[in-house]
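Note that this is a predicted model, so its numbers are computed, not measured. Just so it is clear: chains get the letters A, B, ... in the order the sequence lines come, proteins before strands, and each one is counted from 1.
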Protein chains: 2
Amino acid sequence: MARYRVGIETRERILAATRRLLGEVGMEGVTLKAITDQASVGAGSFYNLFDSKEAAVFEVVREALESVDPDPAGEGNDTLADLVDAFVLFVTGSTPVARIYLQLAVGRGLTDPVIAARVLRSHRRRVERFADAWRREEPGLDAPEAEARAQTMLAALTGLGLTALLDPGFDMRAHAHRLLPPQPATSVSAGAGRRRRSAHASQ
Amino acid sequence: MARYRVGIETRERILAATRRLLGEVGMEGVTLKAITDQASVGAGSFYNLFDSKEAAVFEVVREALESVDPDPAGEGNDTLADLVDAFVLFVTGSTPVARIYLQLAVGRGLTDPVIAARVLRSHRRRVERFADAWRREEPGLDAPEAEARAQTMLAALTGLGLTALLDPGFDMRAHAHRLLPPQPATSVSAGAGRRRRSAHASQ
DNA sequence: GCAGAAATGGAGCGGACACTCCAATATGTA
DNA sequence: TACATATTGGAGTGTCCGCTCCATTTCTGC
């Protein structure tokens, strides 16, 4: 399916419409009519390109999930601050995607075991990522302690993200930075010149 | 409506059925047929007692929300540990209610501004409650710092609660207790004799 | 025990929804 | 250009859902 150029373009339009609607109306509010209207497409065209409405939603959600997952090819050199900033950016920057992700994780994860398992898997990967960063930051930490700290930190970030999504005025960045371990006094004076190690941390 | 004893009992049965279904199938999965079947009641009886399906759902959700709200009549003497324990108990003890609350807050709060406002209001009340406890614990704290700590702590609890709901094997209590400030060395040896100040903290 | 009101079950209505079908048209290939 | 095949729109289909209607039964105060 979708062999010609026009078909591929239509597919993209449909996915964009679905993505947009998911962010606006939420998981269960997306109707086929809304999608096809938004994408300026007939129902027939839709079903020429997708097996079902669910298939389109699933595709969008898959992409959203992928964009939150820790980069599998990452070299593991991100600092804690990088990871925290990436998380904050994910919530405050790409808000509709964040909404979709949270709606999926909570709205469906709480009732659908398949979704729950999937969400948990990617959550665990992220915990590992944070735990590694902790051990790099404080080499003396033993593994369980690092994981516990990572678990707590990620939980706090999730909670703060939720608040940020509910309350546009909430300063997530400031609160999130409080989670980081206090910096050594030497770097305090760096001021405006301070830079994060990598420009856009994979996360 | 519902003047006779039977009517009141039927009302209770319907609410119980709705509550149960909300926990199992989720917010949008609850159909009228499911409710009336579960409650062994005809559709006519249902509409004799409730204006709409939504009204029943709303009632259940209202009760759920109330049970999370900080006790308005609380004397403000809870310790941080009390509040944390109460939150943990809410999630791990009354799991279906916790599910309903989270589904409401996230599933609908993210798209429905009315719900969002409501959730935020009760959230802010809880933050205040935690901030007060912080200041009681560490009298030197200034107000903004106490609130920031409360905000972070509550966010972490929410995140941990989410994980606990998704992963039944997750030890929420242990992780949650890590959020408390380190205890003075004198009380460490108390061991099994240690008791929380009030048996069931209002929260 | 009687009367009037409340409660009950369930057939059925109207509308929304995901999806099908197909005639008409556009697209790429040789 | 001619052909095969992909794409398109939208009218129509079956299903499900919330809700109404109403004849019948149950309840309770007097």
For residues 111-121 of chain B, which side-chain donor-acceptor pairs fall under 3.5 Å, sequence neighbours excluded?
residue : atom : partner : partner atom : Å
B:T111  : OG1  : B:R108  : O            : 3.3
B:D112  : OD1  : B:V114  : N            : 2.9

Can you list, pair by pair, the side-chain donor-acceptor contacts under 3.5 Å of residues 89-99 of chain A, counting residues two or more places apart and other chains?
residue : atom : partner : partner atom : Å
A:T92   : OG1  : A:V88   : O            : 2.8
A:S94   : OG   : A:F90   : O            : 2.8
A:T95   : OG1  : A:V91   : O            : 3.4
A:T95   : OG1  : A:T92   : O            : 3.4
A:R99   : NH1  : B:L110  : O            : 3.2

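Per the geometry, CD1 belonging to A:I8 stands 15 Å off C1' belonging to C:dA26, to the nearest Å. C:dT8 atom P lies 12 Å from atom CZ of B:F50, rounded to whole Å. The CG-P distance, from B:N48 to D:dC19, rounds to 15 Å in whole Å. The OH-P distance, from B:Y4 to C:dT8, rounds to 12 Å in whole Å. If you take CZ of A:R3 and P of D:dT8, they are 15 Å apart, rounded to a whole angstrom. Between the C1' atom of D:dC19 and the CD1 atom of B:I35 lies a distance of 13 Å, rounded to the nearest Å.
Using a 4.5 Å cut-off on side-chain heavy atoms (C-beta onward), A:L15 and A:F50 make contact.
No side-chain donor from either of B:D167 and A:H123 sits under 3.5 Å from a side-chain acceptor of the other.
Sorted by first and then second residue, the ring pair (Phe, Tyr, Trp, His ring centres under 6.0 Å) pairs involving residues 146-170 of chain B (not counting sequence neighbours) are B:F170-B:H175.
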Where do N or O atoms of nucleotides 16-25 of chain C meet protein N or O atoms at under 3.5 Å, pair by pair?
residue : atom : partner : partner atom : Å
C:dA18  : OP1  : A:K53   : NZ           : 2.8
C:dA18  : OP2  : A:L32   : N            : 2.7
C:dC19  : OP2  : A:Y47   : OH           : 2.7
C:dC19  : OP2  : A:K53   : N            : 2.8
C:dC19  : O5'  : A:Y47   : OH           : 3.2

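Summary for the helix from C:dG1-D:dC30 to C:dA30-D:dT1: the axes at its two ends, each from 5 pairs, differ by 30° when rounded to the nearest 10 degrees.
Comparing B:V6 and A:R13, the nucleotide of DNA chain D nearest to each residue sits closer to the 5' end for A:R13.
If you check every strand for non-hydrogen atoms under 4.0 Å, A:T10 touches sugar and phosphate atoms only.
The pair B:E128-B:R124 does not count as a salt bridge, with every side-chain nitrogen at least 4.0 angstrom from each carboxylate oxygen. Looking at B:R13 and B:E9, no side-chain N of the basic residue comes within less than 4.0 Å of a carboxylate O on the acidic one, giving no salt bridge.
Shown for residues 14-29 of chain B: no residue has heavy atoms falling under 4.0 angstrom of DNA chain C.
Among the nucleotides D:dT7, C:dG9, D:dT8, the one closest to any side-chain atom of B:V41 is C:dG9.
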